Amino acid sequence: AFIFAVDGSVDFRCIEQNYQYLSCQWQSSSDISCWSLTKSTASNSSFHVCDIQKNGDNLVCNISQHFYDSLSENRYLLKNSCENASFTQVFSTKTDKNVQMIPVKYIHSVWTSETEVNLTWPLPVYPCMTNNFTGGINCTATVSTHTSNVSTSSGEPLPKRTHQEKWTSISRPESGCFNLPDLSLTFTSLQPSTRYKAAVKCRPLGSVFWSGLTTCYFWTNITKPQGVPFGKPGSYVLYRCGLNNCLTLYWKMTRYHDEEILSYSLSIPQTSSTAVTDADITMATFRDLPMQHFYAVTIRAKNTAGTSAPLQVLIDTQTSDSYIPRYVSAMQVRPFTFEVTFSHADLGHLVNTVMYFWCQGEQSGLVVKCLGDINWKEVPIGEVARYLDKYKYNLTTATEIEQHFAVAIVDHGKTSGMVWGETVYESQDPRESTTSLPVLVVVLCVTAGLLLIIFVTIVTILKRRSTATYDIEMIDIPTTNRSYDVINTT
């Protein structure tokens, strides 16, 4: 920075912003009203070149082009009336050392092959505005993949691509200024069907200040998705809607490198039913399906270049009720851990595997609309705890809020659909009769005891209030010439 010593503890510095104004600042403990900055060096000058403002611990003063000269030295008088001190400051615009340009407005990307992209952007200022006749403007463009590793279909991480930098310069033309020129750079040896981030910054030759970064995202030449959607046995919900069937399916997507996915398309050829979802939604619902023994569902990922290989899902609508889990529920037992419970209709029927599913989302009837990817875990039946007629298993989740859980049963190749349950965020599930019954008995006994005590207390109070003293006065009867004393009786 361009630094001037104003006093023993204050630094004064100026930067020429985009050849349009000077931005000066300094530190001071004095009040704003104590300071003034004038163009003249005369001590009696009172014409201020800017309004001084407070910015954190600094005082800031922006000087417009009317109060400084290009390609020359500019003298200013900085005065502190509270301390009766004045300082002469000199700022030179003969070079571009202290010039900072504004960021470029946009970056335009065009891919020319599967591994080659051309970037174009306009300069932020006219080259004729630069102060060095033999200089110009330098820009650097950087292209990189995401800042984190990208998973491949094989599960191996794809390392971050090394940053590539290109330098170029535009010399100051001999004639006047016309349209803003564009800079164009070509990047090669990129990965096909990959999302990249481009960043551009510029500065005049000789300047120590770069402009701010301008970024954009682009894809290299698109090929059809190499990854394939995949699911698990039982990752669907089949239910009646009116006189027909409704079917909701869930799946995941493995992307090759960081390839572009625009949407998913689903179809059931034998019913001519189709569905389309956005790239961030991996579930779909078919409605009003005719009654059939099987539904063969095909799921494909799509982008502008084509579709992926299909995922085939065969759903048996005649699966016996003995395969369907009953009374599914989940209870949070500790942070990020939920106990998932279900009952089986036929306790004597052998089950090979239990499929657990969970996601964050919103439940509507028998279906949960997952707001992100669905998670699943395949658990052998021997690892699931059994208590009376209930099966219990603990699942650990990445988040706690709005978690929903489902269960599907797999037995020798046959599977039930998913059954979503209710999640209880309490220490005790009210539907768990084996533990809630003793608690209920204790509560009833305590309540009965309290009622008995209250009843005895009320009876005692009423009995005491019923004991009273009466004064009975016998009236003289003239016909007998006799009188009676007053009798006190209880």
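Computed from a predicted model, the values in this text were never measured in an experiment.
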ask   = If you take all heavy atoms of P233 and F357, which pair is closest and at what distance?
value = O-CZ, 3.8 Å
ask   = Hey, does the side chain of Q270 reach the backbone of F294 with a donor-acceptor pair shorter than 3.5 angstrom?
value = yes
query = Can you check disulfide (SG to SG under 2.5 Å) on C24 and C61, steps first, answer last?
reply = CA-CA 5 Å; C24 302; C61 180; over 6 Å; no
ask   = Which heavy atom in S30 sits nearest to a heavy atom in E83, and how many Å separate them?
value = OG-OE2, 3.3 Å
message = Walk me through whether L289 and N244 qualify under side chain to side chain contact (heavy atoms under 4.5 Å, CB included).
response = CA-CA 6 Å; L289 294 175; N244 298 315; 5.6 Å; no
Sub-4.5 Å side-chain heavy-atom contact between T341 and V328 = no
request  = Answer yes or no: is there a side-chain heavy-atom contact under 4.5 Å between L119 and H108?
outcome  = no
ask   = Hey, what do you get for OG (S267) to CD1 (I299), rounding to the nearest 0.5 Å?
value = 9.5 Å
ask   = Measuring from E378:CD to Y356:OH, what's the distance to the nearest 0.5 Å?
value = 12.0 Å
ask   = Stepwise, does the side chain to side chain contact (heavy atoms under 4.5 Å, CB included) test hold for I401 with Q360?
value = CA-CA 7 Å; I401 303 174; Q360 282 186 294; 4.2 Å; yes
message = Looking at every non-hydrogen atom in both residues, tell me the closest pair between Y250 and V368 and how far apart they are.
response = OH-O, 2.6 Å
task = Give the intermediate values and the outcome of side chain to side chain contact (heavy atoms under 4.5 Å, CB included) for residues N352 and V410.
result = CA-CA 6 Å; N352 297 122; V410 181; 5.5 Å; no
task = Could you check L266, T298, V228 and say which one makes a side chain to side chain contact (heavy atoms under 4.5 Å, CB included) with P310?
result = T298
message = What I'd like to find out is whether the side chain of L22 reaches to under 4.5 Å of the side chain of I15, using heavy atoms alone.
response = no
ask   = Distance-only, no hydrogens or angles: does the S308 side chain make a donor-acceptor pair with backbone N or O of P225 under 3.5 Å?
value = no
query = Could you state the interatomic distance from CZ (R300) to CG (L311), rounded to the nearest 0.5 Å?
reply = 10.0 Å
inquiry  = Taking the side chain as everything from C-beta on, heavy atoms only, tell me whether V200 gets closer than 4.5 Å to L213.
reply    = no
ask   = T277 side chain to I281 main-chain N or O, any donor-acceptor pair under 3.5 Å?
value = yes
task = To the nearest 0.5 angstrom, please state how far the CD atom of E362 sits from the CG atom of L371.
result = 5.5 Å
ask   = Taking C-beta and beyond as the side chain, do M331 and V340 meet within less than 4.5 Å on heavy atoms?
value = no
query = Is the centre of the F338 ring less than 6.0 Å from the centre of the Y393 ring?
reply = no
task = Please indicate whether D280 has more than 12 foreign heavy atoms, meaning atoms of other residues, nucleotides or ligands, lying under 6.0 Å from its CG.
result = yes
message = Looking at N58 and V60, would you say the former's side chain and the latter's main chain have a donor-acceptor pair under 3.5 Å?
response = no
message = Closer than 3.5 angstrom, by distance alone: can the side chain of Q292 be matched with the main-chain N or O of P290 as a donor-acceptor pair?
response = no
task = Calculate, to the nearest 0.5 Å, the distance between atoms OG and CD1 belonging to S273 and I268 respectively.
result = 5.0 Å
request  = Determine yes or no for a side-chain-to-main-chain donor-acceptor pair under 3.5 angstrom, with S81 supplying the side chain and C34 the backbone.
outcome  = yes
inquiry  = Do Q403 and Y425 have side chains that approach each other closer than 4.5 Å (heavy atoms only, starting at C-beta)?
reply    = yes
query = Any donor and acceptor pair, going by atom type alone, linking the side chain of T397 with main-chain N or O of T399 inside 3.5 Å?
reply = yes
ask   = Of all heavy-atom pairs between V143 and Y196, which one has the smallest distance, and what is that distance?
value = CG1-CD2, 3.7 Å
query = Do other residues, nucleotides or ligands put more than 12 heavy atoms under 6.0 Å from the CG atom of L243?
reply = no
remark   = Shortest non-hydrogen pair, I32 vs I52, comes out as CG2-O, 3.5 Å
N62 side chain to S23 side chain, donor-acceptor N/O pair below 3.5 angstrom = yes
message = Using modelled atom types and a 3.5 Å cut-off, is there a donor and acceptor pairing between side-chain atoms of S211 and backbone atoms of P103?
response = no
task = Please test Y264 against W251 for ring-ring contact (aromatic ring centres under 6.0 Å, His included), starting from the C-alpha separation and ending with a verdict.
result = CA-CA 11 Å; Y264 298 95; W251 67 91; 5.5 Å; yes
request  = Would you give the length of the straight line joining atom CG of L59 to atom CH2 of W35, rounded to the nearest 0.5 angstrom?
outcome  = 7.5 Å
task = Report yes or no: is the cationic atom of K252 (NZ for Lys, CZ for Arg) closer than 6.0 Å to the six-membered ring centre of W376, at no more than 45° off its axis?
result = yes
task = Using a 4.5 Å cut-off on heavy atoms from C-beta on, say whether the side chain of T396 contacts that of N394.
result = no
inquiry  = Side chains of Y295 and D316 only: does a donor on one sit below 3.5 Å from an acceptor on the other?
reply    = no
key: T457 side chain to I453 backbone, donor-acceptor under 3.5 Å   = yes
inquiry  = I need the minimum non-hydrogen distance between A141 and F187, along with the two atoms involved.
reply    = O-CZ, 3.6 Å
task = Apply the ring pair (Phe, Tyr, Trp, His ring centres under 6.0 Å) test between F342 and each candidate in Y387, Y327, Y391; give the one that qualifies.
result = Y391
query = Can you find a pair of side-chain heavy atoms, one from Y239 and one from T248, that are under 4.5 Å apart?
reply = yes
inquiry  = Donor-acceptor check, side chain of S416 to backbone of I409, threshold 3.5 angstrom: yes or no?
reply    = yes
message = Could you walk me through whether M291 and R240 satisfy the side chain to side chain contact (heavy atoms under 4.5 Å, CB included) test, starting with their C-alpha distance in whole Å, then the side-chain angles of each, then the deciding distance to 0.1 Å, before giving a yes or no?
response = CA-CA 10 Å; M291 299 294 182; R240 294 293 295 272; 3.1 Å; yes
